[in-house]
Amino acid sequence: MPINQLVLEFDHTLFDTAQFKKDLSGSLESLGVSTEIFWQTYPKARNMGDGKVFYRLERHIELLQPFTNRSQEEMLDVMRRVLANSYKYLYPDALDFLNRMMSLNINLTLLSFGNPEFQRAKVQASGIEWFFKDVHFTDLKRTDILYSLFGTVQPRMFFLTSKLEEVHSVSSLFPHVIPVIKRRAEVPLLTYRDAGYLNFEHLKEVRDYFTIVHATSFS
């Protein structure tokens, strides 16, 4: 049987979130806000005060205002320029990967976790939304949204993510789902070896794996 469904995450999986954040942190230097101040205020900017920890540009700008004589509108405009160029932060092999999945007629679902407004802006600016049958922008816990996607047991369901720490709970809750991990550079290789899950460094390797799995299912 061919691959029935592939659910994959956006940040750190298709999108170089680390480089995006680095460029976002440096975008305000021309307005007098150093990268040091940006990162000092970043944790508080992610704390929504309701138990949720998700980033919003507007919240961060409020915290940065005391460190510059420029207006919040100016800061927001500069940061939105980085956001508008989100297509630059797709991994080099992301489009090739998505094109291959489309050519294999694999049902794709995209998950983008965080503040829905901010995440939607990133995904739309990246230009990849049309590859997916379903797109979910959510600030819910992964397991909560995955229940709606994986609750009905079907064969050949795959989950592509970079969040190794969450794969254990996903596997225990949805044993019929096969997790595949895109490795992150900051995580030691031994961690992936000991975790016991399929893992790849690049999307082109994931592409080849899914191509083989899908193609051999017809033999």
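In what follows, residues are counted from 1 in the order of the sequence shown.
When atom types are taken as modelled, the side chain of Asn199 and the backbone of Arg183 share no donor-acceptor pair closer than 3.5 angstrom. Between the side chain of Glu205 and the backbone N or O of His202 there is at least one donor-acceptor pair closer than 3.5 Å. A distance-only check finds no donor-acceptor pair linking the side chain of Asn85 to the backbone of Leu83 [under 3.5 Å]. Side-chain atoms of Ser126 do not come within 3.5 Å of backbone N or O of Ser86 as any donor-acceptor pair. Asn115 places a side-chain N or O within 3.5 Å of a backbone atom of Phe118 that can act as its donor or acceptor partner. No donor-acceptor distance shorter than 3.5 angstrom exists from the side chain of Thr191 to the backbone of Val187, with no hydrogens or angles considered.
Taking CG of Leu90 as the start and CG of Asp96 as the end, the distance is 12.5 Å to the nearest 0.5 Å. One distance of note links CD of Glu29 with OG of Ser34; it measures 7.0 Å at 0.5 Å rounding. If you take NZ on Lys22 and CG on Asp16, they are separated by 10.0 Å, rounding to the nearest 0.5 Å. Atom CD1 of Ile128 is separated from atom CG of Asn99 by 11.0 Å, given to the nearest 0.5 angstrom. Here the straight-line distance linking atom CG of Leu31 with atom CE of Met79 works out to 10.0 Å at 0.5 Å rounding. Annotation: the span from Glu62 atom CD to Gln65 atom CD amounts to 9.5 Å, rounded to 0.5 Å.
In this structure the side chain of Glu74 never reaches within 4.5 angstrom of the side chain of Val78, judged on heavy atoms. Leu64 places a side-chain heavy atom less than 4.5 Å from the side chain of Met75. Looking at heavy atoms from C-beta onward, Leu108 lies out of side-chain contact with Met102 at the 4.5 angstrom threshold. Side chains of Thr13 and Leu160 form a contact here, defined as non-hydrogen atoms less than 4.5 Å apart. Residues Asn4 and Asn107 fail the side-chain proximity criterion, which asks for heavy atoms closer than 4.5 Å. With a 4.5 Å cut-off on side-chain heavy atoms, Ser171 and Tyr197 count as touching. Put simply, the side chain of Val123 reaches to within 4.5 Å of the side chain of Phe137, judged on heavy atoms. Considering only heavy atoms from C-beta on, Tyr192 comes within 4.5 Å of Leu164 through its side chain.
Heavy atoms of other residues, nucleotides or ligands lying less than 6.0 angstrom from CG of Asn105 number 12 at most. Atom CD of Glu117 has 12 or fewer heavy atoms from other residues, nucleotides or ligands within 6.0 Å. Under a cut-off of 6.0 angstrom, the local environment of NZ in Lys163 is crowded, with over 12 non-hydrogen atoms contributed by other residues, nucleotides or ligands.
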| request: Please test Asp11 against Phe20 for side-chain contact (heavy atoms from CB on, under 4.5 Å), starting from the C-alpha separation and ending with a verdict. | output: CA-CA 10 Å; Asp11 283 302; Phe20 171 76; over 6 Å; no
| task | Output, in order, the C-alpha distance, side-chain angles, deciding distance and verdict of side-chain hydrogen bond (donor to acceptor under 3.5 Å, both in side chains) for Lys122 and Gln119. | result | CA-CA 5 Å; Lys122 282 197 298 183; Gln119 295 300 115; 3.3 Å; yes
| request: Begin from the C-alpha positions of Ile181 and Leu198 and carry the test side-chain contact (heavy atoms from CB on, under 4.5 Å) through to its verdict. | output: CA-CA 6 Å; Ile181 301 170; Leu198 285 169; over 6 Å; no
| message | Under the criterion side-chain contact (heavy atoms from CB on, under 4.5 Å), I'd like the reasoning laid out for Leu173 against Leu146: C-alpha separation, chi angles, the key distance, then a yes or no. | response | CA-CA 10 Å; Leu173 290 169; Leu146 289 176; over 6 Å; no
| said: Arg81 vs Asp77, test: salt bridge (charged side-chain N to carboxylate O under 4.0 Å, His left out). Steps then yes/no. | reply: CA-CA 6 Å; Arg81 289 178 206 167; Asp77 181 62; 2.7 Å; yes
| query | Given the rule in the side-chain contact (heavy atoms from CB on, under 4.5 Å) test, do Phe200 and Val180 qualify, once you have shown the distances and angles that lead to the verdict? | reply | CA-CA 8 Å; Phe200 300 93; Val180 178; 3.7 Å; yes
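Cluster membership for Phe10 and Tyr87, using ILVMFWY side-chain heavy atoms within less than 4.5 angstrom, is not shared. A continuous path of ILVMFWY side-chain contacts below 4.5 Å connects Met157 to Leu111, so both sit in one hydrophobic cluster. Residue Phe158 is grouped with residue Met101 when hydrophobic side chains (ILVMFWY) are merged at heavy-atom distances under 4.5 angstrom, including chains of intermediate members. Linking ILVMFWY side-chain heavy atoms closer than 4.5 Å, directly or via other members, places Leu203 and Leu189 in two distinct hydrophobic clusters. In the hydrophobic clustering of this structure, Val135 groups with Leu14; members are Ile, Leu, Val, Met, Phe, Trp, Tyr whose side-chain heavy atoms approach within less than 4.5 Å, directly or through other members.
For the pair Lys88 and Asp23, the salt-bridge criterion is not met [side-chain N within less than 4.0 Å of a carboxylate O]. Salt bridge Arg184/Glu201: absent, no basic N to carboxylate O contact under 4.0 Å.
Below 30°, between 30° and 60°, or above 60°: for Phe15 and Tyr89 the angle between ring planes is above 60°, a perpendicular geometry. Between Phe38 and His60, the ring-plane angle classifies as tilted under the 30° and 60° cut-offs. Note on ring orientation: taking the six-membered ring where Trp is involved, the planes of Phe210 and Phe97 are tilted (angle from 30° to 60°).
Ring centroid separation for the pair Phe113 and His136 does not come in under the 6.0 Å cut-off.
For the pair Phe67 and Leu63, the tightest heavy-atom approach, listed with the atom from each and the gap, is CE1-O, 3.5 Å. Gly114 approaches Phe54 most closely through the heavy-atom pair CA-CD2, 3.2 Å. Between Ser162 and His12 the shortest heavy-atom distance is OG-CB, 3.1 Å.
Of the N and O atoms on the side chains of Arg100 and Thr211, at least one donor lies less than 3.5 Å from an acceptor on the other residue.
Applying side-chain contact (heavy atoms from CB on, under 4.5 Å) to Thr109 and the options Asp134, Leu8, Leu6 leaves one that passes, Asp134.
Both the sub-6.0 Å distance and the 45° axial angle are satisfied by Lys182 relative to the ring of Tyr91.
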